[in-house]
Amino acid sequence: MALENSVFTLSPESLSLPVVEKGKVLVEEASEVMVSTGVFHVSEELGHVVTTDTAHPSANRSWKSKLAERQANAASDEYVKKLPRVMEKERGRFGWAKRRKRQRYVEKNGRCNVSHGNMRETYRYLTDIFTTLVDLNWRCSLFVFVMAYAITWLFFGAIWYLIAYLRGDLDHLEDETWTPCVNNVNGFISAFLFSIETETTIGYGYRVITDQCPVGTMLLLLQAILGSMVNAFMVGCMFVKISQPNKRAETLVFSKNAVISLRDDKLCLMFRVGDLRSSHIVGANMRAKLIKSKQTQEGEFIPLDQTDISVGFETGDDRLFLVSPLVISHEIDHHSPFWDMSQGQLEKDDFEMVVILEGMVEATGMTCQARSSYLADEVQWGHRFSPMMSLAEGFFDIDYGAFHQTLEVDTPSCSAHELSLAAARLEAHLYWSISSKLDEEKWEGSSLTNQSGKQLDNGKGGVVGHTFIVGEITRIQEQSGPGELNGCVTTDQSESEA
């Protein structure tokens, strides 16, 4: 029974209330309440019963009523504690609203997710009719192909029928002395068949043009020329459409995820690319673009701004020899747009990285381009691609089952900028530590030299002792004459002056 903020005067001595289910929390309310008189306040929101004594405030309640009230309060407290968890599940990843998935600029299969609208200069498509026909889908291309031949056949068939009708050939079908323009043309169907034989150069020999019809001779030449042009145009369109190099891109695969990990103590963003065919891509090179909206200092908003991501253009590493799958690496340095991006910022950031592989198809010599993209949530921090090459007998075996697999490795969660500053501080600390030790050894050596010089007896032109300290090595050179120099040896006078 759902009762909300109701007030009952208790005349009976017992009251039985049902079990109330609210938010997956079962609250069994008081089964028996032994109170002489009082007021019940039933709250559906809290799911418990509160009893207020009005007639006899000093009356003692039974232990059953106290136990029921205590159980109801405990169930209510449990529900209130669970309520934030339920609401937390309804939250998104970074707030009350769930994080809206970014709209891709380039799909994973390479299709550009862009629609052109409100184009008023549609006549420009007709100026390049060949490319327009090649870009049509297969259904439209086949329709245009069939209609091009059917219209020309019908058009010239109608002209042949009109010539026969105007010359009166149809009125002299049984006259053997009459010389028609085209033999055995007795209606529109026969004229249409003659048009097909002329344009396709079949020439069955049953319907032939005679020398008594100069207009028919001119029309025959015109149809032969126009028929050759239609054949060349339509067959060329179909050939180019069949041999389009973008179909070659279907066998060029990119990894599902990109990874960020350390390579030679430097953070690198990496992805993998491979070729499933044994025929190679000649002159393959790789490019990468960062697609991210930004706002300039002047307040101008630039949607989908494109920034170059270096994948080895300066060193030539962007030119690939794509015989086996390769891992393309982008070193995150101070020129990189990811210079200040840490692991926490990567989870909150919203960007798209478009990768483009270009090359020439070895079989056809046509240029091919394969594209793919990675969103921010498709970049795995602290991962590395699994090895997929093994050495077999006489060849290298590639296991494409591990193409998309990654391994988790130890990677600092700070940005490349912070990592560089930490390395610089460590290097500076080591430098000053080594310099301080060298200075201490130098000063210790000079003090020992002065003490030893004072202890030596340099009177009467006798033997003079000099001490040299380099690190922990001490040498004493003796000289026969006073004041003589030997290499870098200085006299007592020069030492005192120094």
Side-chain angles (χ1 to χ4, degrees), residues 92-94 99 101-102 108 253-274 286 288-292 307-315 317-318 320 322 324-355 357 372-391 396-434:
R93 192 176 181 182
F94 300 105
R99 183 182 180 185
K101 189 175 181 180
R102 178 188 173 94
K108 297 292 287 184
V253 292
F254 294 88
S255 59
K256 294 181 180 178
N257 297 291
V259 297
I260 294 179
S261 61
L262 289 175
R263 262 194 176 185
D264 298 329
D265 295 334
K266 295 180 180 179
L267 279 178
C268 295
L269 187 148
M270 295 169 284
F271 58 93
R272 181 180 273 170
V273 61
M286 179 65 66
K289 291 281 187 179
L290 177 66
I291 308 297
K292 185 178 180 180
T307 305
D308 281 330
I309 299 177
S310 176
V311 288
F313 177 77
E314 296 82 3
T315 59
D317 293 337
D318 62 329
L320 309 178
L322 197 59
S324 61
L326 299 176
V327 176
I328 310 301
S329 175
H330 162 65
E331 181 180 333
I332 304 178
D333 53 9
H334 62 281
H335 296 294
S336 173
F338 307 113
W339 176 240
D340 295 317
M341 185 184 68
S342 62
Q343 183 178 4
Q345 293 174 346
L346 174 63
E347 296 176 354
K348 302 176 183 178
D349 208 346
D350 186 15
F351 65 86
E352 181 178 359
M353 184 179 68
V354 178
V355 293
L357 174 64
S372 186
S373 67
Y374 300 96
L375 298 180
D377 56 357
E378 294 175 346
V379 179
Q380 297 179 343
W381 190 286
H383 284 73
R384 185 173 56 197
F385 286 105
S386 302
M388 53 183 302
M389 181 182 292
S390 61
L391 181 60
F396 294 94
D397 185 26
I398 307 297
D399 181 17
Y400 275 95
F403 184 81
H404 302 287
Q405 295 180 2
T406 59
L407 300 174
E408 190 171 358
V409 294
D410 294 334
T411 305
S413 60
C414 62
S415 64
H417 190 189
E418 296 172 349
L419 190 64
S420 176
L421 292 177
R425 285 195 295 268
L426 180 61
E427 185 178 356
H429 176 71
L430 293 175
Y431 172 78
W432 288 110
S433 299
I434 295 173

Begin with the C-alpha distance, continue with both residues' side-chain angles, and end with the deciding distance and a verdict on side chain to side chain contact (heavy atoms under 4.5 Å, CB included) for S324 and F396. CA-CA 9 Å; S324 61; F396 294 94; over 6 Å; no
About how many Å separate [atom2] of [Y] and [atom1] of [X], when rounded to the nearest 0.5 Å?
X: E331; Y: L269; atom1: CD; atom2: CG; value: 12.0 Å
X: I398; Y: M389; atom1: CD1; atom2: CE; value: 3.5 Å
X: D265; Y: L419; atom1: CG; atom2: CG; value: 8.0 Å
X: L346; Y: S415; atom1: CG; atom2: OG; value: 12.0 Å
X: S261; Y: K266; atom1: OG; atom2: NZ; value: 14.5 Å
X: C268; Y: I328; atom1: SG; atom2: CD1; value: 12.5 Å

List in chain and number order the residues that pass ring-ring contact (aromatic ring centres under 6.0 Å, His included) with F338, two or more places apart in sequence or in another chain; answer none if no residue qualifies. F351
Identify, with sequence neighbours excluded, every residue that meets ring-ring contact (aromatic ring centres under 6.0 Å, His included) alongside H417. W339
I need the minimum non-hydrogen distance between [X] and [Y], along with the two atoms involved.
X: L267; Y: A416; result: CD1-N, 3.7 Å
X: R272; Y: S386; result: NH2-O, 2.6 Å
X: L262; Y: P412; result: CD1-CD, 3.6 Å
X: S413; Y: W381; result: CA-NE1, 3.9 Å

So do the side chains of [X] and [Y] get within less than 4.5 Å of each other, counting heavy atoms only?
X: R263; Y: V327; value: yes
X: M341; Y: I260; value: yes
X: F271; Y: V259; value: no
X: I291; Y: M353; value: no
X: E378; Y: K108; value: yes
X: K292; Y: T307; value: no

Taking [X] for its side chain and [Y] for its backbone only, find out whether a donor-acceptor pair lies under 3.5 Å.
X: D333; Y: H335; result: yes
X: H330; Y: V311; result: no
X: Y374; Y: V355; result: no
X: Q345; Y: S342; result: yes

May I have the list of side-chain donor-acceptor pairs in residues 399-407 shorter than 3.5 Å, sequence neighbours left out?
| residue | atom | partner | partner atom | Å |
| --- | --- | --- | --- | --- |
| D399 | OD1 | G401 | N | 3.1 |
| Y400 | OH | D275 | O | 2.9 |
| H404 | ND1 | K256 | N | 3.1 |
| Q405 | NE2 | G401 | O | 3.4 |
| T406 | OG1 | Q380 | OE1 | 3.1 |

Side chain to side chain contact (heavy atoms under 4.5 Å, CB included) between K289 and D308: does it pass, once the steps are laid out? CA-CA 5 Å; K289 291 281 187 179; D308 281 330; 2.4 Å; yes
More than 12 non-hydrogen atoms from neighbouring residues, nucleotides or ligands closer than 6.0 Å to CZ on R384, yes or no? no
